[in-house]
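As the structure is a computational prediction, the values presented were derived from the model and not from experiment. Every chain is numbered from 1, with letters handed out A, B, ... down the list of sequences.
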There are 2 protein chains.
Amino acid sequence: MVDPIFHLNDLPTPAGIENLTTQQQTYQRLRYALMTGSIPPGTSLTIRGIAQALNVSPTPAREALKKLCAEGALTELDNRRIITPIMDIARFDELIALRILLECHAAKSATKYISERLIDDLDEIDRRMDLALKGDNHENIVVLNQLFHSGLYRANPHQVHMPLIESIWLQLGPYTRVALNKLSDIYLVDRHKQIIKALRNRNSAALLNAIEKDISEGIGQMGRDYLNASRSPD
Amino acid sequence: MVDPIFHLNDLPTPAGIENLTTQQQTYQRLRYALMTGSIPPGTSLTIRGIAQALNVSPTPAREALKKLCAEGALTELDNRRIITPIMDIARFDELIALRILLECHAAKSATKYISERLIDDLDEIDRRMDLALKGDNHENIVVLNQLFHSGLYRANPHQVHMPLIESIWLQLGPYTRVALNKLSDIYLVDRHKQIIKALRNRNSAALLNAIEKDISEGIGQMGRDYLNASRSPD
DNA sequence: ATTAATGAAATGTTATCACATTATGATTAA
DNA sequence: TTAATCATAATGTGATAACATTTCATTAAT
């Protein structure tokens, strides 16, 4: 064993996974790591390596890895090796376009289920996100940002789009971190405020516009800049 | 063992899976069965049951089932049992709306990669579909219909949407069969002809319109009728 | 008769080992 | 020096058994 998994032991563990099966805990930990961009693109993940790093037997490690592959969060190469997805600009742009397409659709189809109570909850999440932004707490920012968006889309009880949206989020995971690193505070939060305002006013057009901008000017622009910048020096 | 898997032995096997691993073969066979609607909604699928029915050991059976769960083709209940998804009209309508949304987007983003050669290929697929329709060969119809659509969308080499679209197809699998059963021949095929014509003319608006109608007036309408009809007698 | 308790059967989960495939690096031949 | 070859290690795959959970039918108590 060449200790290829580096510091995966030290990865932050999501809360509330104590009662899950070993396999589910392993899955949640890996998923969380991917979502928050804690594993660089192109990293090779082996069954035994993960098992050792997370102190579980190969079986649950294997199932967790396979599940993440099936969700698009990891890539299975032809030689059966599993790696974190490698990104290029074309693929990135497709993912951003899909995020906008799916999330605007989800928001639209959720509109009629949205209560004042839910809007208050989203407002509260956004307030916490302001604090996390001030504190530069990346993990919390990512998690809260996802809670904000998924809280909105999940208002619709007929859940068919969230798995698709989460698949996209997982694939964009590493670049969420990049985007939030570069984020000059107020920007993203501002869009969230617009979203909340549009929800309160039941202004569908404004809502969709705010969501699109939140995505395209947030992770979309930052990620694209990053990919462009990291291409040249090579 | 109560032989819960009925006649899964007799399920048609997709061609060209000889060189795959046992797990992949198992996955392909189950997937094919689901895609063509050969397993009724609500059917319980057990690891040992599938293993026995397909004459493989539990390990590959389990991996195949888990993968299909991750893709949304099967549902994992809270009690850990795995069943084929149960449909209701609201969910069905969401799936159809998502199909239209994603497939129109995929078609649009594929447009600039579409060659005359590809259009000829699609034309050929559609011709074979005409034959299959005349012969009432359901499996072939379903497979050819998917080849037609995926052939178009896969023209775009930056593949991020096909996994999402296939997830939707899998979830709609049983109703594809229903739709094609009721289909009065010419209808669906006609839309395909429109798609091909729009491709040749590079008419984007006509293309998107034809795709939307192909879906909404094909499986969309038929499936909805079926769900409405089967609701009342109960 | 209904409900609760019990225990056996079915099923999902995990651990482990044997096997197949792939990757790696040393060795040899051109 | 380079390319091919081979042995070894690393890794994924498959089979099996022990264990945990859930289901279900039977039994006992009210």
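Using a 4.0 Å cut-off between a side-chain N of Lys or Arg and a carboxylate O of Asp or Glu, B:E166 and B:R31 qualify as a salt bridge.
Between A:H149 and A:D214, the side chains place a donor N or O and an acceptor N or O closer than 3.5 Å (distance only, hydrogens not considered). In this model, a donor atom of one side chain and an acceptor atom of the other lie less than 3.5 Å apart for A:Q171 and A:S167. Looking at B:Q24 and B:T21, their side chains do bring a donor and an acceptor atom within 3.5 Å of each other. A donor-acceptor pair shorter than 3.5 Å can be found between the side chains of B:N145 and B:H192.
Between B:Q52 atom CD and D:dG14 atom C1' the separation is 18 Å, expressed in whole Å. The distance between atom CG of B:L20 and atom P of D:dT13, rounded to the nearest whole Å, is 12 Å. Taking atom CZ on A:R48 and atom P on D:dA9, their separation rounds to 14 Å, with Å as the unit. The nearest whole Å value for the distance from the CG atom in A:N19 to the P atom in D:dT21 is 11 Å. Rounded to a whole Å, the CG atom of B:L45 is 12 Å from the P atom of C:dT11. Put simply, CG on B:N55 is 13 Å from C1' on D:dA15, counting in whole angstrom units. Spacing between atom CG of B:L54 and atom P of D:dA15 amounts to 13 Å, rounded to whole angstrom units.
Taking only side-chain nitrogens and oxygens, B:T21 never comes nearer than 4.0 Å to OP1 or OP2 of D:dT13. Of the side-chain N and O atoms in A:S57, none sit less than 4.0 angstrom from OP1 or OP2 of C:dT14.
Residues from residues 63-86 of chain B lying near DNA chain D, meaning a heavy-atom separation below 4.0 Å, are B:N79, B:R80, B:R81 in numerical order.
Heavy atoms of B:T59 sit under 4.0 angstrom from at least one base atom.
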Item to complete: List the steps and the verdict of side-chain contact (heavy atoms from CB on, under 4.5 Å) for B:R99 and B:I219.
Response: CA-CA 11 Å; B:R99 256 203 78 177; B:I219 182 176; 3.6 Å; yes
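No donor-acceptor contact under 3.5 Å links the side chain of A:R62 to the base of D:dG12.
Taking the six-membered ring where the residue is Trp, A:W169 and A:Y153 present tilted rings, their angle falling between 30° and 60°.
Of the candidate nucleotides D:dA15, C:dT14, C:dT13, C:dT13 has the atom nearest to the side chain of B:I47.
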